[in-house]
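FYI, side chains are in, hydrogens and waters are out, and symmetry mates aren't considered; it's all heavy atoms of this structure. All ligand and atom numbering here is 1-based and tracks the order in the structure. Note that the structure is a prediction, hence the values are computed from the model and not measured.
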Amino acid sequence: MRSANCVAAAAVLFGSALAAPITDPCIPQLDPNPVARAAAVSARRDGFIYGPSLTGEAAPFPNGTLGNARTKADYDEWNKDRTIIDELIALDVQSLQAAIQTNGGLNSWQDYERILYDGQLNNTNPRGPAPGIISNATQDLLFSMERLSEHPHAVRRVMANEPLPFPLDDAITSKIVGSENTLQSLQAGNRLFIVDHSYQAKYGVATVVERFPVACSAYFYIDPESGNFLPLAIRTNVDADLTYTPLDSANDWLLAKMMFNANDMFHAQMLHLVVSHDVTESVHQAALHTLSENHPIMILLERLMVQAYSSRIVGEELCFNPGGHWDQLMVFNQFGCRQFVTDSWPVDGRYQSGYLENNLRARGLIDANGQSVFNSFPFYDDAKRIRDNYFTFFTSFVNSYYKSENDLAGDFEVHNWFNEASTLAKAQDFPQEKDLSKKILIEVLTHFAYATSVSHHSVNGGAPIASGTLPFHIPAIYTAIPKEKGVKDLMPYLPDPATAVLYLGFMASFNRPFYGSDGRTLEDAFDATTVQRLNQDTKSASKALLDSMQELSQQIRSRAFDSQGLSQNMPFIYRTLDPAYIPFFCAV
Ligand SMILES: *[C@@H]1O[C@H](CO)[C@@H](O)[C@H](O)[C@H]1NC(C)=O
Ligand SMILES: *[C@@H]1O[C@H](CO)[C@@H](O)[C@H](O)[C@H]1NC(C)=O
Ligand SMILES: *[C@@H]1O[C@H](CO)[C@@H](O)[C@H](O)[C@H]1NC(C)=O
Ligand SMILES: [Fe+2]
């Protein structure tokens, strides 16, 4: 029965004894041509060499004849999309420049909102900005809820037994939070949260355009009255080391949130490199060394790794090169970028710790039962659905190819893969080969697919152009930061028109608005072509996967503001993880 998967199909397709011994994908112990298969695996092992990491010290980068050929092919494939998006960017930039010129520059906060976005970016971002993200940008609830939606990877609870990250006067805290609350009482009540970007103080600042660094840490809290998640204080950690709160003047507090945004954008973009690209490339390279091209797992991994080895090359060519996008636009220079990756890989690059619930639980954002501790956690809602859809798919897939644990025990290719992942391929916190079970394999595959979809597109892809909107979300600060409070004019802190347009073009370059029409979005991950050679259970599971992703997409697309002007308790609409929009792979 099992071998029917492998051999019978081959007999039908290639019945003649003279025909090439190609079989349907199967696990190695069922392969009718074990010698040829082993030789092919061995040839791949020789052709792919683990080369040094690119962009910081993280996953190895492929070298060797096959490795280099793969990288080149991926790059060429990526380059086709780059040509398309570059043409769209050129159209949008032309139109932006004309609008700015007609307006006589960008002379007010409203100019940034209106001139840069009203009827603009039609080509690169036809979906438009996230509704409310511009009009409600100055609201505190927008800023805090971004931690639980658009920028979900940096916030964590201040645990009951840890020292307070930074001080805040009791009088100030109780005035903001009410009812005699202090940092200690919030902490003790599991209501105090922190985003700590103080580590960024050590990074060098880019000098192509003059910019001024901050390394903000920020407190957030769950309001005892409303249950809302709100901002409490922002400390800059540089120069005069001011701590701002909502009690400051509107301008001071707004500037503090914008300074924080510059640090948070740096974090989100650099972290995405680690948690999606590096994590999957290390594990996939181990698979290239150990699994046959005819292994059913390899068929699925290859699909998820479309264009994968272009990204770090592109990063070195366009983003992290001297004078590249980061030097041009962000606070910290190309060396800071690489340092972030090196520092973050042993921590955030951890495989099992990166599983959705493991990660959120470790940060105190969900409880032991997997329940969110917030009155609304939009990222978790959608990320969990996508993860669960994939989990269901991989459960069917694994159960159909391994009827028993014994079948898995006999799959020496998968055992070699697990062995190699955490050794030569340097994957962090990958499950040990001795622990391999169907359950562990399902989890590994699920997280792999989660990493190329949710981990990547929650903060990259179409997210930055749609939600990292100016003037609130600045990539850097363009005037010396204040030595004291009482800032009158925010204009000097904003990017000038030329920098703003360059920035929008750069953010748009991550977007792939044309993937919906050419079958490269998440819902099409395991489309008919991909599963064509796989077994019937997998084909059925792939149809169910499509249905479940489409259902989520429809729910996301039907989100609207309620009578309070809120959606999921936020003053903007979260649609970043729409499975009919985001790619299933790390597109750039
Ligand atoms: C890639 O592999 C070749 C051949 O083994 C070696 O000579 C070269 O130094 C390697 N490149 C890097 C960057 O390690
Ligand atoms: C973009 O689309 C909007 C709405 O369809 C339209 O009003 C506007 O003129 C377009 N802008 C450009 C530059 O084509
Ligand atoms: C947020 O913005 C939308 C769109 O401009 C608006 O309809 C809604 O009322 C705003 N919400 C709040 C809370 O101000
Ligand atoms: Fe990326």
Distance under 4.0 Å to a non-hydrogen atom of N63: what atoms of ligand 1 satisfy this?
1 (C), 2 (O), 3 (C), 8 (C), 10 (C), 11 (N), 12 (C), 14 (O)

Which class fits the ring pair Y450 and H447: parallel under 30°, tilted 30 to 60°, perpendicular over 60°?
parallel

Among protein heavy atoms, which lies nearest atom 5 (O) of ligand 1, and at what distance?
I49 CD1, 4.0 Å

Start with the C-alpha gap between N68 and T71, add the side-chain angles, then the distance that decides, and say whether side-chain hydrogen bond (donor to acceptor under 3.5 Å, both in side chains) holds.
CA-CA 5 Å; N68 292 331; T71 302; 5.1 Å; no

Has the side chain of K257 got a donor or acceptor atom that lies under 3.5 Å from a matching backbone atom of T138?
yes

Decide yes or no for R520 and F585: does some side-chain heavy atom of the first lie under 4.5 Å from some side-chain heavy atom of the second?
yes

Got an N/O contact under 3.5 Å between Q564 and ligand 3?
no

of all protein heavy atoms, closest to atom 14 (O) of ligand 3 is Q139 NE2, 2.9 Å

When you measure from the side chain of S376 to the backbone N and O of Q568, does any donor-acceptor pair fall under 3.5 Å?
yes

Atom 7 (O) of ligand 1: any protein heavy atom closer than 4.0 Å
no

Over 60° means perpendicular and under 30° means parallel, so classify the ring planes of W326 and F506, tilted if in between.
perpendicular

Over 60° means perpendicular and under 30° means parallel, so tell me whether Y203 and Y199 are parallel, tilted or perpendicular.
perpendicular

Quick note on ligand 3: atoms under 4.0 Å from a heavy atom of P571 include exactly 1 (C)

Please check whether F561 reaches ligand 3 - meaning an N/O of the residue sits under 3.5 Å from an N/O of the ligand, judged on distance alone.
no

Looking only at protein heavy atoms, what sits closest to atom 10 (C) of ligand 3 is N136 ND2, 2.7 Å

Assign the ring pair F229 / F220 to parallel, tilted or perpendicular, where the plane angle (0 to 90°) is split at 30° and 60°.
parallel

Could you find the nearest protein heavy atom to atom 9 (O) of ligand 3 and give me its residue, atom name and distance?
G565 CA, 3.5 Å

Closer than 4.0 angstrom, basic N to acidic O: yes or no for K384 and D381?
no

Above 12 or not: heavy atoms from other molecules or residues under 6.0 Å from CD of E317?
yes

Per-atom contacts, ligand 3 versus G132 - under 4.0 Å to a heavy atom
2 (O)

Pull out every atom of ligand 3 sitting under 4.0 Å from any heavy atom of S135, numbered as shown with elements.
2 (O), 4 (C), 5 (O)

Would you list the protein N, O or S atoms within less than 2.8 Å of the Fe ion (ligand 4), leaving out water?
H272 NE2, H277 NE2, H456 NE2, V588 O

Determine whether any heavy atom of P52 lies closer than 4.0 Å to an atom of ligand 1.
yes

Just say parallel, tilted or perpendicular for the rings of H197 and H267, cut-offs at 30° and 60°.
tilted

Sequence neighbours excluded, the answer for salt bridge (charged side-chain N to carboxylate O under 4.0 Å, His left out) partners of E57 is none

Under 4.0 Å from atom 3 (C) of ligand 1, do we find at least one protein heavy atom?
yes

